[in-house]
Amino acid sequence: MDGSVRRVSIDVESVSKTFGSVRAVDDLSFTVPDGKVTGFLGPNGAGKSTTMRLMLGLDRGQGRTLFDGRPLAEHAHASEVVGTHLDARPFLPGRTARDHLRMLAADSGVSNARVDEVLATVGLTEVARRRPKTFSLGMAQRLGLAGAILAKPRALMLDEPANGLDPQSIAWLREFLRHYAEAGNAVLVSSHLLSEMQQMADHVVVIARGKLIADGSIEELSASSSDVFVRSSDATTLAAALTSAGATAIPESNGGLAVTGMTTDEVGRAAFDAGIAVWELAQRRASLEETFMRLTGDGQEFAFGEAS
Amino acid sequence: MTGTLRYEWRRISTVRSTWLLIVLGILVPAGFALLVAWLASISDGQGGGPPNDGSASGLAAFLPLSAAILCTIGAAAFGQEYRHELIRVTLAVFPRRTPVFLAKLAMVILVIAVTAAVAIAAVVVAEYIGGVIAATSTGWNTDVLGSTGILGLLYVVTFVLIAFAITALTRNQPLGIIAPIVLMFLVEPIVGLIAMSQFWTWIDWVLPFSGGQAALVVGGAEAWGHMAVFFGWFLVLAIPAWILFLRRDA
């Protein structure tokens with residue numbers, strides 16, 4: 001941190017939603033800072049889409065979400081505050097792509113030239129005057145994204161925008177969102193593609209069963225799941241030495257130890273003091289996927305059975 | 001509110017089916033008026049069809065066809081949005097829901113009122129031409145320039161608004177289109193027959209579509225009373241629809 005106070009773009013404050021007896025979103029609070037891509041992660045049924053709809057006031061629930069300090073409904077032109085893409089095919093099949101965007105442009109006085117510019121940005125110029133009923137899922141996602149960025153909003157909220165995109169399009173989306181955030185905007189993206197999110201997001205919010213599980217930078221989350229691997233001449237004695245020094249040492253099947261609560265330097269020093277030869281010593285950083293699995297292990301709403 | 005109105009205009013005007021329905025809503029009643037005149041001419045005036053003199057009862061015969069066609073436009077105001085999940089896009093752009101509801105209402109009223117006015121004029125022209133063909137013409141009937149025309153216009157607009165309100169209430173576009181048509185052409189005539197056998201003369205003051213058609217036939221102050229009842233049914237449906245629209249998840 002540089003000590004300066006960042007302007008907070010989106011504040012989610014204690015949002016909750018109940019469907020019958022199911023608490024879909026449970027007192028959820030987090031911040032989507034501007035200038036960063038925030039990944040919104042959670043297993044199927046965790047409540048990500050419901051949370052996004054609650055944030056926008058589309059679903060009725062408890063709590064509130066402030067966009068630059070005010071509820072969305074209090075802004076004169078909501079489309080200039082936040083651009084959204086929540087559903088895979090949010091358009092009328094019989095209305096041309098260009099007319100769909102012209103309709104969305106009605107609020108903020110966006111010109112037809114801007115509509116054409118956005119269509120070019122997402123690579124849909126050639127099909128601008130076609131009806132999107134024949135669009136592939138990838139093309140539909142591009143049109144949805146075009147609608148979201150049309151009024152140059154200060155924040156973007158995208159629900160699974162990479163679904164149906166080919167690898168080139170995903171790479172393009174990643175670059176686009178990073179540039180959008182770097183321009184000082186807030187970007188919230190939900191996704192199941194964790195490897196993609198690891199490359200795209202600076203900050204992640206993880207939920208499971210409607211509750212906040214983690215909220216921090218990718219590095220912080222990875223660090224919380226990282227450990228030190230040590231293989232030595234006497235694992236039992238080294239484990240006892242590390243435990244007495246306050247660390248946790250768990251034996252692994254390859255004869256090594258997984259140590260948490262100590263740095264590599266500290267583990268090396270403890271082994272040296274105990275007179276144990278070290279064959280291998282390394283910091284192991286967990287991937288986002290491993291961290292996600294650890295955090296949400298029992299939070300999956302509809303879990304699979306044992307793989308045979 | 002300007003933005004929501006502009007949005008609604010673009011929503012309604014950028015779909016081909018809107019224009020097709022408008023053309024049909026004008027041509028179908030006019031075409032039937034001509035057809036009736038032609039049938040009258042070949043039967044030497046012995047036919048028992050509706051009068052083709054541009055009178056209120058003539059409008060009563062042909063305008064329901066226009067209303068039944070145009071009610072799809074009313075139902076689509078909300079139905080199209082829920083059917084294709086566009087309502088979330090709309091409410092993300094316009095988070096204040098009452099202006100969205102009012103803009104939809106205003107645009108439906110505007111489009112249908114203009115279309116109905118043209119349809120009434122087309123029916124009058126068709127009846128005049130039909131009268132000339134059948135050699136029964138008594139010249140241009142100017143009744144439609146007065147209360148008859150206004151009642152005809154109100155009838156079509158209210159009919160379509162009932163479709164609008166049913167769809168807004170149920171979020172079901174097919175129901176919004178079918179329910180008014182089934183009520184008008186099937187349910188109410190059956191109820192009317194039963195009522196007639198029981199001498200329930202008040203029944204036209206209760207049934208919406210029968211009352212609406214009665215407004216085009218009876219004339220005088222009673223016509224306005226029937227029209228008020230017809231419009232009252234729209235309000236009965238629209239007010240809970242508006243309240244639910246404010247409270248429901250999109």
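Below, read A as the first sequence line, B as the second, and so on, with proteins coming before strands; counting in each chain starts at 1. Remember, it's a predicted structure, so these values are computed and weren't measured experimentally. For the numbers below, each heavy atom of this structure counts, side chains included, while hydrogens, waters and symmetry mates do not.
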Shorter than 4.5 Å, heavy atoms on both sides: which option in R96(B), E85(B), R247(B) has the most such pairs with chain A?
R96(B)
Tell me the residues of residues 71-91 of chain A whose non-hydrogen atoms fall below 4.5 Å from those of chain B, in number order.
L72(A), A73(A), E74(A), H75(A), A76(A), A78(A), S79(A), T84(A), D87(A), R89(A), P90(A), F91(A)
Are any non-hydrogen side-chain atoms of R88(B) and D59(A) less than 4.5 angstrom apart?
no
Does CZ in R129(A) sit with more than 12 non-hydrogen atoms of other residues, nucleotides or ligands closer than 6.0 Å?
no
F32(B) atom CZ, over 12 foreign heavy atoms within 6.0 Å:
no
Residue by residue, scan residues 99-106 of chain A and write down, ordered by number, those that have a heavy-atom distance under 4.5 Å to chain B; if none do, write 'none'.
D99(A), H100(A), R102(A), M103(A), L104(A), A105(A), A106(A)
Select one option (side chain, backbone, both, neither) describing which atoms of R95(A) are under 4.5 Å from chain B's heavy atoms.
both
Could you list which of residues 161-172 of chain B have a heavy atom closer than 4.5 Å to any heavy atom of chain A, in residue-number order?
none
Heavy-atom cut-off 4.5 Å, strictly under: side chain, backbone, both or neither for L86(B) against chain A?
side chain
Please name the pair of heavy atoms, one in R97(B) and one in L58(A), separated by the smallest distance, quoted to 0.1 Å.
NH2-O, 3.0 Å
Applying side-chain hydrogen bond (donor to acceptor under 3.5 Å, both in side chains), name anything that partners R178(A), two or more places apart in sequence or on another chain.
D202(A)
More than 12 heavy atoms of other residues, nucleotides or ligands under 6.0 Å from CH2 of W242(B): is that the case?
no
Cationic N near anionic O, under 4.0 Å, R6(B) to D107(A):
no
For R83(B), is it the side chain, the backbone, both or neither that has a heavy atom under 4.5 Å from a heavy atom of chain A?
neither
T14(B) versus T96(A): any side-chain heavy-atom pair under 4.5 Å?
no
May I ask you to decide if R60(A)'s main-chain N or O and D249(B)'s side chain share a donor-acceptor pair within less than 3.5 Å?
yes
